[in-house]
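All chains are named by letter (A, B, ...) in the order of the sequence lines, taking the proteins before the strands, and each is independently numbered beginning at 1. Since we're looking at a predicted model, the values are computed, not measured.
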Number of protein chains: 2
Amino acid sequence: MDKKITEKLKENNYKLTEQREAVLEVMLDNRGKHLSAEEVLQEAKQKMPNIGIATVYRTLEKLASMDILYKTMFEGGKFRYELSDEDTHQHHHIVCLKCGHIYEFEEDLLNELESRLEARGFEIVDHELKFYGYCPECREKMRK
Amino acid sequence: MDKKITEKLKENNYKLTEQREAVLEVMLDNRGKHLSAEEVLQEAKQKMPNIGIATVYRTLEKLASMDILYKTMFEGGKFRYELSDEDTHQHHHIVCLKCGHIYEFEEDLLNELESRLEARGFEIVDHELKFYGYCPECREKMRK
DNA sequence: ATTAATACTAATAATCATTATCATATACAC
DNA sequence: GTGTATATGATAATGATTATTAGTATTAAT
Ligand SMILES: [Mn+2]
Ligand SMILES: [Mn+2]
Ligand SMILES: [Zn+2]
Ligand SMILES: [Zn+2]
C-alpha cells in the first residue's frame, strides 16, 4: 500500500476497512487503466467475495473527492476511475474511435488559454481535454 | 428554417415530419443554449402537443449524427444539445462551479497539440475542452 | 469490561436518463 | 391514389447511480 495514500486517508479520518483496502488495491493494480465501478467490483470480489456494489461506489466517490482517484466520463455515458497523477498536472486522453483504446499524453499547452480566461475575470480551477481520432494501429489496419 | 440544414436533411434522405420540424425550430430558437432532451420536449410540445419523448431523443440523435447539432455532457449526468458551429471550429466551454452557467469561448490553441499527436501517428478528428472554475459575477459575490 | 455513540456495510429498492419494442400512422416515390 | 419503407407515441426495459434500511464493526466514554 502506498504511503502517501494512507497518510491522506488518516488526514481525512477515513477508516481503512477491508473493503476499502480491496478497492484501493484494485486501483493500484491497474495503474494506467480506466475502470468503471462494475469492473472495480468484479476485481475487488476476488479479494473480498461479498463486497457490494454500493460500497464500491461509495469508496470510489470518496477516494475521488480526496484526489486519490480521478473520475472522468468517456463515450458510453458511464464514469471511469483511475489513479490520480500525484504531483504533476493530470494528464489528458486520446480515445481511438475504432478500437476504443484510451491513450494518454502529458503535454499541456493550456496555460496560455487559462491566462486569457483569467484576464477576462474567470478563475479556472480545472480543465479537461479529450481528443478523439484513430490510433496508429487502427490507421494501419484501415489502410489495407 | 435554415437553408443549409434543409439541404443536409435531403442528402441523408430524411423525411421532414412535423415533429422533426418542431425539434429543429426549438434548437434554432435557442442558439447559444445547451438543452437537455427533456427541455427540448417541453418547448416542442408548444408547437406539437403530442410529440413524445422517444421521438425527441431519436431526432436529436439523428441531427447530431449529421453534425447539425453538437452533443456534449456537462456535470449532472445528462447529455445536452446545441446548434453546431457550421463552418468554424466548434467552440469550447467554461462551466461556473458556483452558478452553473455555461460560458463559451472561441480561441483555439490546440492545433499545436494536435500536430504533436499526429507526429506520433494518431489521426485526430475531434477534440473537446472544458474549463471549470468561477465566473466573474460569482467571484464578485464571493468576495463579499 | 460494558455501554453508548458512531461509522460502515450488504442487500436491495428507488430514481433517472436513455433505449428498445411494437402496433399504428404517415411521407413520399411511383 | 396506392404501396411501402420510415417514423411515431406509448410504454416497457435497461443500465448506471443513489437512497434506504437494518444489521455489524469500531471507537469513545464510563
Ligand atoms: Mn488516464
Ligand atoms: Mn456551447
Ligand atoms: Zn485504435
Ligand atoms: Zn458563476
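Axis deviation across the helix from dA1(C)-dT30(D) to dC30(C)-dG1(D) amounts to 20°, comparing end segments of five pairs, rounded to 10 degrees.
Relative to the six-membered ring of Phe79(B), Lys71(B) meets both conditions, a distance below 6.0 Å and an angle of at most 45° to the axis. Under the 6.0 Å distance and 45° angle rule, Arg20(A) counts as a cation-pi partner of Tyr14(A). Geometrically, Arg80(B) does not engage Phe74(B) in a cation-pi contact, judged by NZ or CZ lying under 6.0 Å from the ring centre and within 45° of the ring axis.
Residues of residues 61-78 of chain A having a heavy atom closer than 4.0 Å to DNA chain C: none are found.
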Between the protein and nucleotides 26-28 of chain C, are there any N/O to N/O pairs under 3.5 Å, and if so, what are the atom names and distances?
residue	atom	partner	partner atom	Å
dC28(C)	OP1	Leu16(B)	N	3.2

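Rounded to whole Å, atom P of dC8(C) lies 11 Å from atom CG of Leu9(A). The CE-P distance, from Met48(A) to dA10(C), rounds to 6 Å in whole Å. Taking atom CG of Leu60(A) as the reference point, atom P of dA16(D) lies 14 Å away to the nearest angstrom. Asn50(B) has its CG atom 18 Å from the P atom of dT24(C), to the nearest Å. Summarising the geometry, the separation between CD1 on Ile53(B) and P on dT19(C) is reported as 11 Å, rounded to the nearest angstrom. The CG-C1' distance, from Leu41(B) to dG9(D), rounds to 11 Å in whole Å. Between Glu21(A) atom CD and dT9(C) atom P the separation is 12 Å, expressed in whole Å. The NZ-P distance, from Lys45(B) to dG9(D), rounds to 10 Å in whole Å.
For the residue pair Glu104(B) / His92(B), no side-chain donor-acceptor distance below 3.5 Å is found, with atom types taken as modelled. A donor and an acceptor atom, one from each side chain of Thr72(B) and Glu128(B), are located under 3.5 Å apart.
Taking 4.5 Å as the limit, every side-chain heavy atom of Asp126(A) sits out of range of all side-chain heavy atoms of Leu97(B).
The base of dA19(D) has none of its N or O atoms less than 3.5 Å from a complementary donor or acceptor on the side chain of Arg58(A).
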* Would you please test His91(A) and Glu82(A) for side-chain hydrogen bond (donor to acceptor under 3.5 Å, both in side chains) and show each step? => CA-CA 11 Å; His91(A) 59 260; Glu82(A) 67 182 308; 3.1 Å; yes
* Mind running ring-ring contact (aromatic ring centres under 6.0 Å, His included) on Phe131(B) and Phe105(B) for me, showing each step along the way? => CA-CA 10 Å; Phe131(B) 285 97; Phe105(B) 69 99; 5.6 Å; yes
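Of the candidate nucleotides dT18(C), dT11(D), dA11(C), dT11(D) has the atom lying nearest to any side-chain atom of Ala54(B). Checking dA10(C), dT19(C), dC8(C) against every side-chain atom of Arg20(A), the shortest atom distance belongs to dC8(C).
Partner of Leu41(A) under the side-chain contact (heavy atoms from CB on, under 4.5 Å) criterion, out of Val23(A), Ile51(A), Leu60(A): Ile51(A) alone. Here the rule is side chain to side chain donor-acceptor pair (under 3.5 Å) with Tyr81(A), and of Glu39(A), Glu61(A), His34(A) only Glu61(A) fits it.
Proximity of Gln19(B) to the phosphate of dA7(D): no side-chain N or O atom is located under 4.0 Å from OP1 or OP2. Within the 4.0 Å cut-off from OP1 or OP2 of dT19(C), not a single side-chain nitrogen or oxygen of Tyr57(B) is found.
A salt bridge is defined here as a Lys NZ or Arg NE, NH1 or NH2 lying under 4.0 Å from an Asp or Glu carboxylate O, and Glu137(B) with Lys141(B) fails to meet this definition.
Follow the hydrophobic side-chain contacts under 4.5 Å out from Leu113(A) and you never reach Tyr134(B); the two are in separate clusters.
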